[in-house]
Amino acid sequence: MAKRDFYETLGVAKSADADELKRAYRKLAMQFHPDRNPSDKTAEQKFKEISEAYDVLKDDQKRAAYDRFGHAAFEGGGGRGPGDFGFSGGFADIFEEMFGAMGGGRRSQAGASRGSDLRYNLEISLEDAFRGKQTTIRVSTFAHCDTCSGSGAEPGSRPATCRTCQGHGRVRAQQGFFTIERTCPTCQGTGNVIEKPCKSCGGQGRVRREKTLSVAIPSGVEDGTRIRLAGEGEAGLLRAAAGDLYVFITVTPHAFFQREGASVFCRVPIPITTAALGGAIEVPCVDGSRTRVTVPPGTQSGHQFRLRSKGMSVLRSPVRGDMYIQAVVETPVNLTKKQQELLREFEAAGEQRNTSPESTGFFARVKEFFEDLRE
């Protein structure tokens, strides 16, 4: 009986890309898999046909040959036929994608795993965040053993090929209808077995050590910023690559300034006389300088003065944010009798000229409110 066209078998067009082929095969493989259709010879044959079709079409070279010559391209043993069907190809890949490989993840080459990443919490001042700085930190971590140069073997000896996996780092086990591949339990995936472990590191190829690292803090860095130091994490077992070190920045609260992004806010108490009559005040800036601010007569609490380009540095930018001075008019305390008398005279004179329009207006509206309630 003539074979069906492979594209027709999978139900896809000849222009289908790799993702379309995989989706079509995955759907049909799950539908006609023998485990889902026990004792159904038709489903078993259908499963073999779609697996054969996918095995050819997923390979660019085989697909090109098939598109040009059809089934004739594989006559004489060039392709996989129903009689030599197995699980080393298509369905094994799909099964692993859907359910995950036994032992935690996809297949990997033999070799020890990469070292773990590390975290270091670093506190800096707002001034340091503004200027940036170069600082050093001390980290306790695993480093490659100097005695064995990270091999884990005693000097003068060398690791032997694992007899269980023959150096592949993976072993296969038959479980019913499936062949499952997992990490070799003898060598833990390295492909080698250390017969004479290094006395300094116990065969791990690494030892715990404290090292000093230099960290560059860029200007404009914000609270919670993460700086990555590649390869400065824990060294992997048996010469495997080291992980990364992540430095998390915490900017400590400041005595005068509050930061919001690139803007800096500063609450400045102003004497009531300066607020009423006007004047000038000198305020600090985050860059360590001072600046003079003119206070107009009649300044109220909460009024903000904007100082352009006096705020924080902006990360990777030459510009600066703005600084905002928030006026807090201070009520005088510990008055002498003379000062109290002067304030009473001021109050009496103010009633004639309405020197407090906001409070006068507010209490006038309150009076109207209660009058309306009585009506």
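Keep in mind that what you see is a predicted model, and the values were worked out from it rather than measured. Residue indices begin at 1 and follow the sequence shown.
For Ile137, the side-chain contact (heavy atoms from CB on, under 4.5 Å) criterion is met by Tyr120, Leu122, Val139, Leu213, Val215, Leu245, Val247, not counting sequence neighbours. Listed by chain and residue number, Arg114, Asp117, Arg228, Ala230, Tyr246 satisfy the side-chain contact (heavy atoms from CB on, under 4.5 Å) test with Asp244 (two or more places apart in sequence, or in another chain).
A donor and an acceptor atom, one from each side chain of Tyr66 and Asp5, are located under 3.5 Å apart.
With contacts defined as side-chain heavy-atom distances shorter than 4.5 Å, the pair Gln300/Val329 does not qualify. The closest side-chain heavy-atom distance from Cys187 to Asn192 is not below 4.5 Å. Val286 is not listed as a side-chain neighbour of Cys266, based on a closest heavy-atom distance of 4.5 Å or more. A 4.5 Å side-chain heavy-atom check between Gln339 and Pro332 finds every atom pair outside the cut-off. The closest side-chain heavy-atom distance from Arg170 to Thr183 is below 4.5 Å. In this structure, the side chains of Leu118 and Glu234 come closer than 4.5 Å at one or more pairs of heavy atoms. Contact annotation: the side chain of Leu28 approaches that of Gln31 to within less than 4.5 Å [non-hydrogen atoms, C-beta and beyond]. By the 4.5 Å heavy-atom criterion applied to side chains, Leu315 and Glu222 are not counted as neighbours.
The two residues Ser125 and Thr252 have their closest heavy-atom pair at CA-OG1, 3.7 Å. Asn121 approaches Arg119 most closely through the heavy-atom pair OD1-NE, 2.9 Å. Nearest heavy-atom pair, Val12 versus Leu21, reported as atom, atom and distance to 0.1 Å: CG2-CD2, 3.7 Å. Nearest heavy atom pair, residue His144 against residue Gly236, reads CE1-O, 3.7 Å. The heavy-atom pair separating Ser151 from Leu238 by the smallest distance is O-CD2, 3.2 Å. Across all their heavy atoms, Val251 and Ala129 have their closest contact at CG2-CB, 4.2 Å.
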Steps toward side-chain contact (heavy atoms from CB on, under 4.5 Å) verdict (Lys58, Lys22): CA-CA 8 Å; Lys58 74 174 183 177; Lys22 183 178 287 189; over 6 Å; no
Using side-chain contact (heavy atoms from CB on, under 4.5 Å), reason through Asp223 and Thr250 one step at a time and then give a plain yes or no. CA-CA 5 Å; Asp223 190 82; Thr250 298; 3.6 Å; yes
Stepwise, does the salt bridge (charged side-chain N to carboxylate O under 4.0 Å, His left out) test hold for Glu341 with Lys337? CA-CA 6 Å; Glu341 291 174 1; Lys337 289 185 177 181; over 6 Å; no
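Tyr25 OH to Asp55 CG: the interatomic distance, rounded to the nearest 0.5 Å, is 8.5 Å. Distance OG1/Thr135 to CD1/Ile217: 7.0 Å, rounded to 0.5 Å. Distance check, rounded to the nearest 0.5 Å: CD of Glu123 to CZ of Phe248 gives 14.5 Å. Put simply, OH on Tyr54 and CG on Asp59 are 10.5 Å apart, with the number rounded to the nearest 0.5 Å. One distance of note links SG of Cys198 with NZ of Lys196; it measures 13.5 Å at 0.5 Å rounding. Of the inter-residue distances, the one linking Thr42 atom OG1 with Gln45 atom CD reads 8.5 Å to the nearest 0.5 angstrom.
A 6.0 Å sphere centred on CG of Asp17 holds more than 12 heavy atoms belonging to other residues, nucleotides or ligands. Counted within 6.0 Å of NZ on Lys27, heavy atoms from surrounding residues, nucleotides or ligands total 12 or fewer; the atom is thus considered open.
Annotation: side chain to side chain donor-acceptor pair (under 3.5 Å) contacts involving residues 287-298, sequence neighbours excluded, comprise Glu282-Arg290, Asp287-Ser289, Asp287-Arg320.
Residues Tyr324 and Val293 do not share a hydrophobic cluster, defined by chaining ILVMFWY side chains whose heavy atoms lie under 4.5 Å apart. Hydrophobic clustering places Leu10 together with Tyr7 (ILVMFWY residues linked when any side-chain heavy atoms are closer than 4.5 Å, directly or through intermediates).
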Acceptor/donor pairs from residues 253-265 side chains to any protein atom, 3.5 angstrom cut, sequence neighbours excluded:
from   : atom 1 : to     : atom 2 : distance (Å)
His254 : ND1    : Phe256 : N      : 2.9
His254 : ND1    : Phe257 : N      : 3.3
His254 : NE2    : Glu127 : OE2    : 2.6
Arg259 : NE     : Gly261 : O      : 2.7
Arg259 : NH1    : Val221 : O      : 2.9
Arg259 : NH2    : Gly220 : O      : 3.2
Arg259 : NH2    : Val221 : O      : 3.4

Which atom pairs, one a donor and one an acceptor, fall under 3.5 Å between side chains of residues 200-209 and the rest of the protein, sequence neighbours left out?
from   : atom 1 : to     : atom 2 : distance (Å)
Ser200 : OG     : Thr147 : OG1    : 2.9
Arg206 : NH1    : Ala235 : O      : 2.7
Arg208 : NH1    : Ser140 : OG     : 3.3
Arg209 : NH2    : Asp146 : OD2    : 3.4

Without placing hydrogens or testing angles, list every side-chain donor-acceptor pair under 3.5 Å for residues 303-312, not counting sequence neighbours.
from   : atom 1 : to     : atom 2 : distance (Å)
Arg306 : NE     : Asp322 : OD2    : 3.0
Arg306 : NH2    : Asp322 : OD2    : 2.7

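Not a single donor-acceptor pair under 3.5 Å links the side chain of Gln134 to the backbone N or O of Ser214. Counting only distance, with no hydrogens or angles, the side chain of Asn37 and the backbone of Asp40 share no donor-acceptor pair below 3.5 Å. Checking side-chain atoms of Ser313 against main-chain N and O of Phe130 turns up a donor-acceptor pair under 3.5 Å. At distances below 3.5 Å, not a single donor-acceptor pair connects side-chain atoms of Glu52 with backbone N or O atoms of Glu49.
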